[in-house]
Amino acid sequence: MSEARGRFGGIREKIYIRRHHITLPGVKIAEEYPGLYEYASFELPQEEFFLPGHGLCASCTIGVIARHMLKVLGPDTIVVNPTGCAEVSTVVYPRGNWAVPWIHVAFGNGGAVASGIEAAIKALKRRGVIDSTRKINVVVFAGDGATADIGFQALSGMLERGHRVIYVMYDNEGYMNTGIQRSGTTPFGASTTTAPAGRKVPGNVTHKKPMALIAAAHGIPYVATANPAYVHDMVYKFKKAAEADGPSFLHILQSCTPGWRFEPKYAIRVLELATETGYWVNYEIDRGEFRVTMPVPKRKPVKCFLQLQGRFRHLKPEEVETIQAVVDRDVAEINKAMGREVIGPVDPSLACITPRGK
Amino acid sequence: MGRIETVWVGRGGQGIVTATYIIANAAIIDGYYAIANPEFGAERRGAPVKAFLTISDAPIEDQEPIKMPDVAIVFDDKLIDLMRFVLDAVRPGGYIIINSGKPPEEVKKIVSRDDVYIVVLDAIDIARRHVKLDVPNGPLAGAFSKVMGLPKLESIRQAFENQLGKAVEENFAATKEAFETATVIPPARVDPSARPKGVISTTSAFLAGPYEIVEWTAVNKGGVVFPGTSLHYRTGGWRIEKPVIDHAKCIMCRKCWLYCPDDAVIEAWREVEGPRGRKFRMKAIEFDYDFCKGCSVCAEVCPTGAIQMVREI
């Protein structure tokens, strides 16, 4: 953890910007990878297991994540859903839209309940109640609050005991369900209701908790970060997580219209910009091999990502520079870990919004 | 003037709660007593929201939901069918204020009541021109002020300053335009002794679909819900704009299908006519308007610009 003091002229508090440590014990760098994720063709089933008729906000990308997750994992899936946006808006008493077995659990115990379900399936298979060759996926579909903050000890216990559970964390960078409070994954400079931007303090003063690396430090078989704007990449990661022999953890960025305060139509665009600016790096740690799955030859300045969102509107140019410095440092660390330049340098000549055909 | 009871019906994100606070604030500046309390479920932006506002010249001591309002304000004309019970509960001689892009006569036909004043204005259009947002609360506050004679426009402006603190001029310009342009259709007959057809029930106000209200003993054991029950909940009413596809420009990349959060983009067989009059069937992208929430993500990700958003209300 690095410490910067008085970065914003006059503020006395310490501003902690966490440092990512990719060089985890036992993690080595994968061999040259021929861009499989980018060019591989795949077939997604037509069947939907995340049915329409849910109450998520218009353009909420939780729908995109959940649809593709269930398309890959198939009908033999049990979804454990701790409290969060996904839970309160998809299942309201007389109706539910999950076409797979689904259970709602309390905020803090998603990992524990999933461990129990997995152990029960194992026991029933041993007794011959369930066909022992049948593959049943247990998924925890939790938000950032239920993973990084409140449900952290249950998650850590589940990873450490080695249950074969897929933990999917959709990260909308705050407690958006209860009205945009700050969480452990809220980025530096974002204005939330519990970390509001004022004249002196520019919103939240801590940076994102590196949940994927924390999970990887448990030594589990598969950890990845994904972005729904790059569906092919995300789908392959779900597939790999389902094939892993042990716990797997997926950290997925998700855009939130009311919380990030952008126009609903930019839901995918803002996620694309997160990867294009280097703010969000799609990588995986597959059996101890680190690999960036979405190389970016030339980065856009992080300003492109920030200016679409109302939660960063208050930032002064020097504060944007600070965020750019944080992103640069993280990218440099990833490049150093990979041993070559996977995420390129900032190219200010690139247009922020790449025009699409009109 | 006594006591005015109003019910405001709209969708989350349209500024309905803010609108009631602004009117209450303005009425208090004018020297009246006012109380505003919203009521909504666990849902998100776009779901139906109800808010109650009472203005009186004597102190208000009760905070109960309003059963028979004097005024009903509807923020979205697609809510009329869903919220019919609110319109039916308006007292004869009362007012129904509706935001709609349709001609006033047509709106009157949809409302199908002839013993109340019907006020029609295109608040979305006014808001888009002045505030550059789809929030019709400012214009509807202006229409309210016009037909009720209170609060004064100057107090509404003061309330904008207190409540919003920014974009006061833009919002006030929208309010003023609505004050000047709203169309009022007077009732054909008023029988003040008549009672409205129904009252607003306090339970299950937002249940839409073929559900029946049962006793607690008949509720599913363990609160179990069954897959597919959500299909009764048509979220199509949430949208302001609907996507329309130009099949000539579509290259079937299915990006819209990939990124649709509501599973409202579907592949359907379409019958087309070839150059020599031969008919054949081909696959094409269509939209499921029962569930499309009108978020415009499909139009934004479309690489050829084949999908356009067309205004619906």
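The figures here come from the full heavy-atom set of this structure, side chains too, leaving out hydrogens, waters and symmetry mates. Throughout, protein chains are lettered first and strands after them, A, B, ... in sequence-line order, and every chain is numbered starting at 1.
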Quick check on the interface: out of A/E263, A/H68, A/E272, who has the most heavy-atom pairs with chain B under 4.5 Å?
A/H68

So what's closer than 4.5 Å to chain B heavy atoms on A/H104: side chain, backbone, both or neither?
neither

Pairs of heavy atoms under 4.5 Å with chain B: top-ranked of A/G96, A/P264, A/P228:
A/G96

Give a yes or no on this: more than 12 heavy atoms of other residues, nucleotides or ligands lie within 6.0 Å of atom CD of B/Q63.
no

Heavy-atom side-chain proximity of B/Y259 to A/L271 below 4.5 angstrom
no

Output for pair (B/C295 SG, A/I268 CD1), nearest 0.5 Å, gives 9.0 Å

So for A/P101, is it side chain, backbone, both, or neither that comes closer than 4.5 Å to the heavy atoms of chain B?
neither

Check whether B/C292 gets within reach of chain A through its side chain, its backbone, both or neither, counting any heavy atom under 4.5 Å.
neither

Mind checking whether A/R95 and B/H232 have side chains closer than 4.5 Å, heavy atoms only?
no

Closest approach of A/H54 and B/W238, non-hydrogen atoms and distance?
O-CH2, 4.5 Å

Could you tell me which portion of B/V224 (side chain, backbone, both or neither) has an atom closer than 4.5 angstrom to a non-hydrogen atom of chain A?
backbone

Shortest non-hydrogen separation from A/S59 to B/V297 and the atoms involved
CB-CG2, 3.8 Å

Closest non-hydrogen contact found for B/L258 with A/R67 is O-NH1, 3.8 Å

For atom CZ of B/R311, is the number of surrounding heavy atoms from other residues, nucleotides or ligands below 6.0 Å larger than 12?
yes

Would you give the length of the straight line joining atom CZ of A/R356 to atom NZ of B/K255, rounded to the nearest 0.5 angstrom?
5.5 Å

Between B/V225 and A/P94, what is the shortest heavy-atom contact and its length?
CG1-C, 4.2 Å

Nearest heavy-atom contact between A/C60 and B/P261 is O-CB, 3.1 Å

Interatomic spacing from CZ in A/F50 to CG in B/D262 - rounded to 0.5 Å:
8.5 Å

Nearest 0.5 Å, please: how far is CZ in B/F291 from CG in A/N97?
10.0 Å

Which answer fits B/D290, side chain, backbone, both or neither, if we ask what part of it has an atom under 4.5 Å from a heavy atom of chain A?
neither

B/L231 and A/P52: which non-hydrogen atoms are nearest, and at how many Å?
CD2-O, 3.8 Å

Less than 4.5 Å apart, any side-chain heavy atom of A/K265 and any of B/M309?
no

Contact leader toward chain B among A/A229, A/P258, A/A267, where contacts are heavy-atom pairs under 4.5 Å:
A/A229

So what's closer than 4.5 Å to chain B heavy atoms on A/V91: side chain, backbone, both or neither?
side chain

